[in-house]
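Everything on this sheet refers to the single structure shown next.
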Amino acid sequence: MALFPSVSPSMRPAILYPLFAAPTALSGIGPRLAPLLEKAVGPLVVDLLWHLPTGLQDRGRQRFLSEAVPGQIGTFLVQVDRHQPSAHRGRPYLVLCSDQSGALRLTFFHARGDWLQTQLPEGSQRLISGMVEQFRGEVQIAHPDYILPPDRADEIPRFEVSYPLTNGLPAKTLAKASAQARKLAPDLPEWLDPTLLKREQWPGWQAALIAAHSPETLQQLSPESPARQRLAYDELLANQLALALVRLSLKERPGRIIPLDSALRQSLLAALPFPLTGAQMRALAEIDSDLALPSPMLRLLQGDVGSGKTVVAALAMASAVAQGSQAALMAPTEILARQHFNSLKSLLPGLRIAQLTGRDIGKSRQNLLEEIKGGQIDILVGTHALFQETVVFHDLALAVIDEQHRFGVHQRLDLSAKGQAVDLLVMTATPIPRTLMLTAYGDMEVSRLDEKPPGRQAVITRVMPLSKLDAVLEAVARAVAAGAKVFWVCPLIEESESLDLANAEARHLQLSKVLGSRVGLVHGRLKAAAKDAAMAGFSGQSFDILVATTVIEVGVDIPAASVMVIEHAERFGLAQLHQLRGRIGRGTSPASCLLLYGAPLSATARNRLHVLRDSDDGFLIAEADLRLRGAGELLGSRQSGLPNFRLADLEHHNRLLAIARDDAQLVLARDRQLLSPRGQALRTLLYLFQRDAVVQTLRSG
Ligand code: ADP
Ligand code: MG
């Protein structure tokens with residue numbers, strides 16, 4: 001049973017169809033340009049609306065050529081004096097012009113002389129607009145953007161905006177496509193609260209789009225302009241409304257009471273190899289009381305790497321099992337699922353714990369599925385394989401999702417739909433700043449593990465250039481000789497898993513030459529069994545060094561590892577580096593982390609690495625990252641589950657986020673099904689921002 005029916009596009013209001021077409025529907029966008037446009041902007045016409053200009057040129061006319069400023073756009077009225085066709089191949093065709101204050105050279109490469117003669121007849125007056133350059137002491141414009149007779153002056157726009165581009169996509173093409181997209185944007189019923197609209201003095205949606213795309217001053221281009229604020233607010237409201245609807249539909253399901261069995265809890269605690277930290281006790285108490293309530297739990301357990309989330313989840317799962325139900329734990333990778341499986345077995349020795357991953361096939365899988373269905377399994381651990389339709393529980397009461405930023409909201413809902421009244425606990429190590437938390441989770445209840453288990457080693461972090469690789473190799477060899485275990489993390493290469501892999505393989509080979517056979521290799525392309533073998537070899541006695549792509553990032557717990565080398569650290573997000581570094585310093589020996597960067601390093605990049613060198617506090621690091629890079633990049637685009645806002649910029653629109661949250665809650669308190677006229681308009685807003693799935697949770701109206 002899926003909680004939401006699959007999304008049928010026909011539910012989207014017809015008035016929005018043109019915006020959800022492919023951009024090839026626009027004139028000027030053919031099969032050659034469409035992929036470029038998709039790369040720069042997105043796959044749909046509506047994406048053009050969200051792709052706002054970042055620059056503004058003023059083509060206002062200067063009175064005299066003597067006012068020309070090299071490096072800026074200039075527009076001049078000049079007299080065409082003389083053509084000077086190129087003397088030989090490869091030289092430009094020159095057209096010499098002047099006004100009373102000076103001279104202007106127009107240069108054309110590969111130009112057709114006859115065409116230039118008709119455009120720029122000798123002796124005529126012409127308006128010329130283009131980028132002014134200084135060439136050997138002369139003012140010059142190469143390939144002017146506009147050449148017009150004076151009576152057609154109005155064809156030169158006073159202001160011209162520029163958009164972020166992709167190589168090969170002509171600016172004019174993008175501008176034209178964008179203008180067409182705006183024409184397709186219908187006049188939609190207002191979804192904003194009239195009081196808010198009035199107080200903020202924002203334009204309507206359509207007017208805001210037009211204004212945001214055609215600024216005439218730098219002020220109008222800024223995120224604080226009323227048009228941009230309005231659009232940002234729309235986006236934030238859609239986000240908050242969607243999250244609130246998901247939350248409501250989860251909360252409104254029937255719940256169940258999972259009481260705390262104190263005797264059992266005491267005996268489990270007594271059997272642990274360590275006492276819980278105060279933070280773990282507090283989080284557990286919060287979870288216990290949620291479970292004991294008849295309404296379904298929806299809680300986020302947030303704790304920095306190594307803060308000990310697993311044991312908290314394990315004890316909660318034990319409560320579910322104690323009353324005769326089942327629990328499930330889902331992890332984002334097989335390595336992590338296997339690790340959880342092992343730790344749960346040792347934390348909860350009396351329970352029947354099983355593991356289901358993508359690799360279980362055939363008869364053994366069939367048997368396992370039978371046992372899950374029959375209730376002979378208490379706790380099932382696995383990857384997203386747990387979502388599959390064939391996985392049917394006897395009575396699933398508690399679902400725990402680890403590191404959920406790798407999963408979508410959908411999946412959160414899907415797993416909870418696997419049982420009657422499933423309580424949901426989401427665990428994350430991502431130190432999300434509060435503002436971002438709201439955008440990713442809405443108003444989910446949060447338990448924080450803000451204290452680390454005692455006895456952790458501080459990790460000494462050093463930042464050095466890759467050019468010192470030889471010295472690093474020597475130091476690593478020495479550390480290994482002294483008994484250390486070393487993670488060697490290979491660089492992240494944007495959008496190229498195969499290059500990531502090539503790098504890791506090359507480094508593995510090189511290290512093997514120096515250190516012999518005691519070097520393991522693990523990466524995403526390995527078969528699951530080979531991955532396990534590599535991890536096991538490293539946590540056991542076979543390997544001293546594990547060369548890895550970022551697959552080790554999430555959650556791996558190998559206490560003996562005390563050294564980590566990260567190549568091209570500047571390519572990673574700070575939060576990601578923090579996660580990686582959290583893999584070491586879990587044991588008893590002092591730990592060190594080497595961040596190797598490729599020179600030259602920009603000032604910002606250097607600052608970022610220094611933040612990491614100087615701090616071990618995930619929250620502080622995340623806040624600094626946000627400051628230094630902006631929200632979109634916070635977690636590295638690859639695995640971030642944070643919404644990727646197109647219009648809202650949380651540095652500038654933070655204030656609006658809080659308003660949007662309150663707004664969403666108020667609206668739903670009054671009109672839970674969005675059936676009122678404003679509610680209907682808000683449905684359109686949700687469609688506009690592609691939150692189709694949440695609209696399907698509403699009664700039709
Ligand atoms: P994370 O929050 O990163 O998932 P884990 O649950 O993997 O952290 O725990 C990290 C390590 O700390 C594990 O080896 C675990 O056994 C250990 N640990 C957890 N809680 C405590 C505690 N209260 N005292 C000592 N060690 C603990
Ligand atoms: Mg963990």
Side-chain angles (χ1 to χ4, degrees), residues 2-4 243 246-247 249-251 253 258 283-284 286-287 290-291 296-305 307-321 325-341 343-344 353-358 372 378-388 391 393 396-419 421-432 437 440-449 553-556 579 635 639-643 693:
L3 193 60
F4 296 150
L243 284 167
V246 168
R247 180 187 142 88
S249 61
L250 286 173
K251 278 278 175 193
R253 292 168 307 152
I258 301 177
L284 199 53
E286 285 162 0
I287 294 166
D290 277 2
L291 293 178
M297 172 168 81
L298 192 56
R299 183 170 285 277
L300 186 69
L301 177 59
Q302 187 186 33
D304 209 346
V305 277
S307 58
K309 294 182 288 296
T310 315
V311 63
V312 174
L315 293 170
M317 290 194 278
S319 296
V321 174
S325 306
Q326 293 167 300
L329 171 65
M330 188 173 68
T333 64
E334 288 202 1
I335 288 177
L336 197 55
R338 153 118 339 169
Q339 187 179 293
H340 276 316
F341 173 64
S343 31
L344 289 181
I353 303 173
Q355 188 182 201
L356 179 75
T357 59
I372 298 166
D378 298 321
I379 297 181
L380 184 64
V381 183
T383 56
H384 51 271
L386 300 193
F387 292 136
Q388 288 160 358
V391 182
F393 288 87
L396 180 65
L398 173 62
V400 180
I401 303 186
D402 190 14
E403 309 289 356
Q404 84 85 37
H405 67 260
R406 299 224 169 180
F407 303 111
V409 169
H410 260 302
Q411 291 167 311
R412 223 186 279 171
L413 294 167
D414 285 351
L415 189 59
S416 72
K418 287 259 173 217
V422 178
D423 284 307
L424 201 58
L425 180 67
V426 176
M427 305 199 288
T428 179
T430 311
I432 307 168
M437 183 85 140
Y441 299 99
D443 278 334
M444 218 161 160
E445 267 102 8
V446 181
S447 295
R448 278 209 177 80
L449 297 182
E553 177 200 344
V554 196
V556 176
Q579 298 261 332
L635 300 168
Q639 76 278 349
S640 148
L642 294 175

Salt bridge (charged side-chain N to carboxylate O under 4.0 Å, His left out) pairs touching residues 330-339, sequence neighbours excluded, are Glu334-Arg359, Arg338-Asp532
Heavy-atom side-chain proximity of [X] to [Y] below 4.5 angstrom:
| X | Y | result |
| --- | --- | --- |
| Met317 | Val400 | yes |
| Leu380 | Val391 | yes |
| Val321 | Ile379 | yes |
| Leu344 | Leu329 | yes |
| His340 | Met330 | no |
| Val422 | Met297 | no |

Suppose we screen for side chain to side chain contact (heavy atoms under 4.5 Å, CB included). Which residues come up paired with Val446, at least two apart in sequence or across chains?
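In terms of side chain to side chain contact (heavy atoms under 4.5 Å, CB included), with neighbours along the sequence ignored, Val446 is linked to Leu300, Gln302, Met437, Arg448.
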Partners meeting side chain to side chain contact (heavy atoms under 4.5 Å, CB included) with Ser325 (sequence neighbours left out):
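Residues passing side chain to side chain contact (heavy atoms under 4.5 Å, CB included) with Ser325: Arg256, Gln323, Asp395, Ala397.
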Apply side chain to side chain contact (heavy atoms under 4.5 Å, CB included) to Thr428 and Leu301, showing your working.
CA-CA 6 Å; Thr428 179; Leu301 177 59; over 6 Å; no
For Arg299, which residues count as a side-chain hydrogen bond (donor to acceptor under 3.5 Å, both in side chains) partner, sequence neighbours excluded?
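Partners of Arg299 under the side-chain hydrogen bond (donor to acceptor under 3.5 Å, both in side chains) test: Asp290, Ser447.
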With sequence neighbours excluded, what pairs up with Gln355 under the side-chain hydrogen bond (donor to acceptor under 3.5 Å, both in side chains) test?
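Gln355 satisfies side-chain hydrogen bond (donor to acceptor under 3.5 Å, both in side chains) with no other residue.
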Does Asp402 use its side chain to pair, donor to acceptor, with the backbone of Ala331 at less than 3.5 Å?
no
Once rounded to the nearest 0.5 Å, what's the spacing between atom CG of Asp378 and atom CD1 of Ile372?
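If we round to the nearest 0.5 Å, Asp378:CG and Ile372:CD1 are 11.5 Å apart.
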Option among Leu396, Leu398, Ile287 that satisfies the side-chain contact (heavy atoms from CB on, under 4.5 Å) test with Asp423
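Result for side-chain contact (heavy atoms from CB on, under 4.5 Å) with Asp423: Leu398.
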